[in-house]
Amino acid sequence: MAIQLAGIKGGTVDLPSEALQVFKATFKGQLLTAADAAFEETRQIWNAMIDRRPGLIARCSGTADVVQAVRFARLHGLLSSVRGGGHNIAGLAVCEGGLMIDMSLLRGVWVDPAQRVAQAQAGCTLGDVDRETQVHGLAAVLGFVSATGIAGLTVGGGFGYLTRSHGWTCDNVVSMEVVTADAQVLRVSGTENADLFWALRGGSGNFGIVTSFEYQLFPVGPEILGGAIAWRGEDAKQVLEAYRKFSASAPRELTTVAVLRNAPPAPWLPKEVHGQPIIALFVCHSGKVEDGEALLAPLRALGRPVADIVTRRPYSQMQSLLDATQPKGRRYYWKSHYLAGIDERMVELAAEHAGRIRSPHSAILLFQIQGALNERPAGYSPVGNRDATYVLNIAGSWDGQADDAVNMAWARGCFEATRSCSTGGTYVNFLTEEEGRDRIAAAYSRTDLEKLAAIKRRYDPENLFRHTKSIAG
Ligand SMILES: Cc1cc2nc3c(=O)[nH]c(=O)nc-3n(C[C@H](O)[C@H](O)[C@H](O)COP(=O)(O)OP(=O)(O)OC[C@H]3O[C@@H](n4cnc5c(N)ncnc54)[C@H](O)[C@@H]3O)c2cc1C
C-alpha cells in the first residue's frame with residue numbers, strides 16, 4: 001500500500017508500497033501506521049496539549065534499526081522526529097505526518113559497579129536507570145519524576161536531587177553511542193569525536209540520535225533521608241523566607257524543592273487541606289541519614305506544618321515521590337526562569353501568583369540547583385547557565401481544552417511578573433511549543449550558540465534533525 005508522509009522541506013512525499021517493503025525488510029522492530037492497533041497509544045505523549053499524528057512510527061529494536069530509519073528518512077526526504085520518554089513539554093517527540101523514530105523499546109541498563117558507570121539505552125526512563133544502579137547502592141544524576149525519558153533530559157541538560165553535588169546530568173556523561181544524520185554509528189566521549197560529545201551535552205536533540213548513554217555513578221543510599229513537609233498557604237511567605245535562608249546555606253547533600261499549589265487529595269495530606277492552598281518543601285539528603293536528621297530539624301520545627309513525611313526511605317522511592325502529580329494525558333503549559341538566588345521580591349511574587357492559580361493541578365516550583373554546576377568552567381558543556389542557583393518553573397496543568405486560555409494566561413502572568421528576578425537564562429528542556437529563537441538563544445551563551453551552530457553544520461548540514469528546539473547551522 002502506498003503512503004504519503006510529510007516532507008522535510010514541507011509538502012508531502014508519496015511513497016510507493018515497494019519503498020515501504022524495502023524499509024520493512026531491513027527493520028527488525030515494529031512499523032506502525034494509523035491502521036495498526038498500537039498506533040494511537042504509541043503516538044500519544046505526556047502532554048495532551050500536543051495532538052500530532054505521525055504518518056509512520058518506527059519502533060526501533062536496536063542501533064541497527066535506528067541506522068535504517070535515518071537512511072529511510074534521508075533517502076526519501078522525510079520530516080522525522082525522535083521519541084525518547086515522550087515527556088518534552090513542547091511535544092518534540094512527535095511530528096505531524098512524518099516519521100517518528102521511537103526509541104522507547106530500548107530499555108536495557110548495564111551497571112559496572114567496580115568502575116561506577118552504567119550503560120543505559122536511550123529509551124530508558126529515569127526509573128529504569130535508578131532501579132538497576134540502586135542494586136549496587138549507586139545512582140546517576142537524573143531528574144525528579146521517574147517516567148521522564150533519560151534521552152531528552154540528558155541531551156538538554158538535566159537536574160535533580162544529586163545536581164548540587166555533581167552538576168548537570170550531561171556533565172556526568174562519560175560517553176554515548178550516536179547515529180548521525182549520514183547514518184554512521186559513532187562513539188563520542190572526551191577523546192572520541194569530542195566536538196559532537198560536547199554538543200550533545202546540553203545542545204539538545206539537534207546533532208544525532210543517541211542510542212545509549214554511559215553515566216558516571218555515585219554512591220547514594222540505598223536508603224536516604226527524604227520526603228516532604230507541608231504548611232497552609234497562608235504561611236507561604238513565612239515558609240519561603242525560611243526556605244530562602246535555609247537552602248542558601250544547606251550542604252550539597254541536601255536538596256530542597258519548594259512547591260506552591262492547592263493541595264491534591266493525597267493520603268499524606270490531611271483531608272481538611274485538600275483543595276486548599278499549601279506550600280510544601282520536598283527534601284532529599286543523600287549523605288548520612290543522621291546528618292540529614294540534624295540538618296532538617298529546624299525546618300521541620302518551623303511554624304505549624306500540616307504534614308511531615310520526611311523519613312528514612314529508599315532513594316528510588318524518593319525519585320518517584322512527585323510522580324502522581326504529573327500523570328500522562330493532562331494538559332500542561334510551563335514557563336520558567338533561572339534565578340541567581342531567591343530575594344524578597346521573589347518570595348512576594350511566588351506567594352501572590354500562587355494565590356491566583358486557576359486549576360487544582362497547577363503549581364509554582366522552585367528547584368534548588370546551586371553547587372557543583374556553578375564551579376565548572378563556562379564552556380564545559382553547552383547547557384551552561386553556570387550562574388543559576390534555582391530554577392523557577394511555573395507549571396500550568398489542567399484537564400479540559402475549555403480551560404486552556406485561563407491557565408495559560410496564569411502561567412504567562414507569573415512569568416512576566418518574575419522576569420526581573422531571572423538571570424535572563426532559561427532551560428531548553430522546559431521551553432514550550434511557541435518558545436522559539438529568542439528563548440533558545442537565552443538557553444545558551446552566545447559563544448556556545450555559535451560553536452553549536454558550527455558543529456551542527458559539520459554533522460547535520462541538511463538539518464535532518466530539525467524537530468527540536470532548533471540550533472540550525
Ligand atoms: C513530568 C516531568 C518532569 C520533569 N522533570 C525534570 C527534571 O527533574 N529535571 C530535568 O532536567 N528535566 C525535567 N523534565 C524535563 C525533561 O528533561 C524534558 O521534558 C525532556 O525532553 C524529556 O525527555 P524525553 O526523552 O522524555 O523526551 P521526548 O519528548 O521523548 O524527546 C524530547 C526531545 O529530546 C530529543 N531526544 C529524545 N530522544 C533522543 C535521542 N535518543 N537522541 C537524541 N535526542 C533525543 C529530541 O530532540 C526530542 O525531540 C521533566 C519533564 C516532565 C514532563
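In listed order, ligands and their atoms are each counted from 1.
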Just jot down the ligand 1 atoms closer than 4.0 angstrom to any heavy atom of [X], in number order.
X: Arg83; result: 30 (O)
X: Gly143; result: 7 (C), 8 (O), 9 (N)
X: Gly158; result: 11 (O)
X: Gly84; result: 25 (O), 28 (P), 30 (O), 37 (C), 38 (N)
X: Gly205; result: 44 (N), 47 (O)
X: Gly208; result: 42 (N), 43 (C)
X: Gln326; result: 1 (C)
X: Tyr427; result: 10 (C), 11 (O), 12 (N), 17 (O)

Can you check whether [X] has an N/O within less than 3.5 Å of an N/O in ligand 1?
X: Gly86; answer: yes
X: Gly152; answer: yes
X: Asn429; answer: yes
X: Val210; answer: yes
X: Thr468; answer: no
X: Ala122; answer: no
X: Val145; answer: no
X: Phe430; answer: no

Closest protein heavy atom to [atom], given as residue, atom name and distance to 0.1 Å:
atom: atom 33 (C) of ligand 1; value: Leu92 CB, 4.2 Å
atom: atom 38 (N) of ligand 1; value: Ala151 CB, 3.4 Å
atom: atom 29 (O) of ligand 1; value: Asn88 N, 3.0 Å
atom: atom 16 (C) of ligand 1; value: Thr148 CG2, 3.9 Å
atom: atom 19 (O) of ligand 1; value: His87 O, 3.0 Å
atom: atom 45 (C) of ligand 1; value: Val82 CG1, 4.1 Å
atom: atom 7 (C) of ligand 1; value: Phe159 O, 3.6 Å
atom: atom 25 (O) of ligand 1; value: Gly85 N, 2.9 Å

Ionic contact status for [Y] with [X], cut-off 4.0 Å:
X: Arg107; Y: Glu132; result: no
X: Glu375; Y: Arg252; result: yes
X: Glu214; Y: Arg187; result: yes

Hey, can you tell me if [X] and [Y] have their rings parallel, tilted or perpendicular (30° and 60° cut-offs)?
X: Tyr338; Y: Tyr427; answer: tilted
X: His76; Y: Phe72; answer: perpendicular
X: Trp268; Y: Phe282; answer: perpendicular
X: His87; Y: Trp46; answer: parallel
X: His337; Y: Phe415; answer: parallel

ask   = Is the CZ atom of Arg358 crowded by more than 12 outside heavy atoms at less than 6.0 Å?
value =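 Check fails, neighbour count at 12 or below.
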query = More than 12 foreign heavy atoms under 6.0 Å from CD of Gln401: is that the case here?
reply =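 Check fails, neighbour count at 12 or below.
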inquiry  = Please classify the Phe367 to ligand 1 contact at 4.0 Å (heavy-atom distances, strictly less than): side chain, backbone, both or neither.
reply    =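 Contact part for Phe367 vs ligand 1: neither.
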message = Tell me if the aromatic rings of Phe144 and Phe367 count as close, with their centers under 6.0 Å from one another.
response =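 So the answer is yes for these two rings.
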request  = Answer yes or no for Arg376 and Tyr380: cation-pi contact, defined as NZ/CZ to six-membered ring centre under 6.0 Å and angle to ring axis within 45°.
outcome  =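 Judged by the rule (NZ or CZ under 6.0 Å from the ring centre, within 45° of its axis), Arg376 counts as positioned above Tyr380.
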message = Ring of Tyr459, cation from Arg457 - is the NZ or CZ under 6.0 Å from the centre and inside 45° of the axis?
response =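 Checked: cation-pi criterion not met.
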message = Could you work out, for atom 50 (C) of ligand 1, the closest of Trp46, Phe144, Trp334 by heavy-atom distance?
response =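 Of the listed residues, Trp334 has the closest heavy atom.
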key: Over all atoms of both residues, closest heavy-atom pair of Ala378 and Arg386   =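 In this case the closest contact between Ala378 and Arg386 is O-NE, 4.1 Å.
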task = With side-chain contact (heavy atoms from CB on, under 4.5 Å) as the test, would you mind laying out the steps for Thr125 and Ser146 before giving the verdict?
result = CA-CA 6 Å; Thr125 62; Ser146 74; 5.9 Å; no
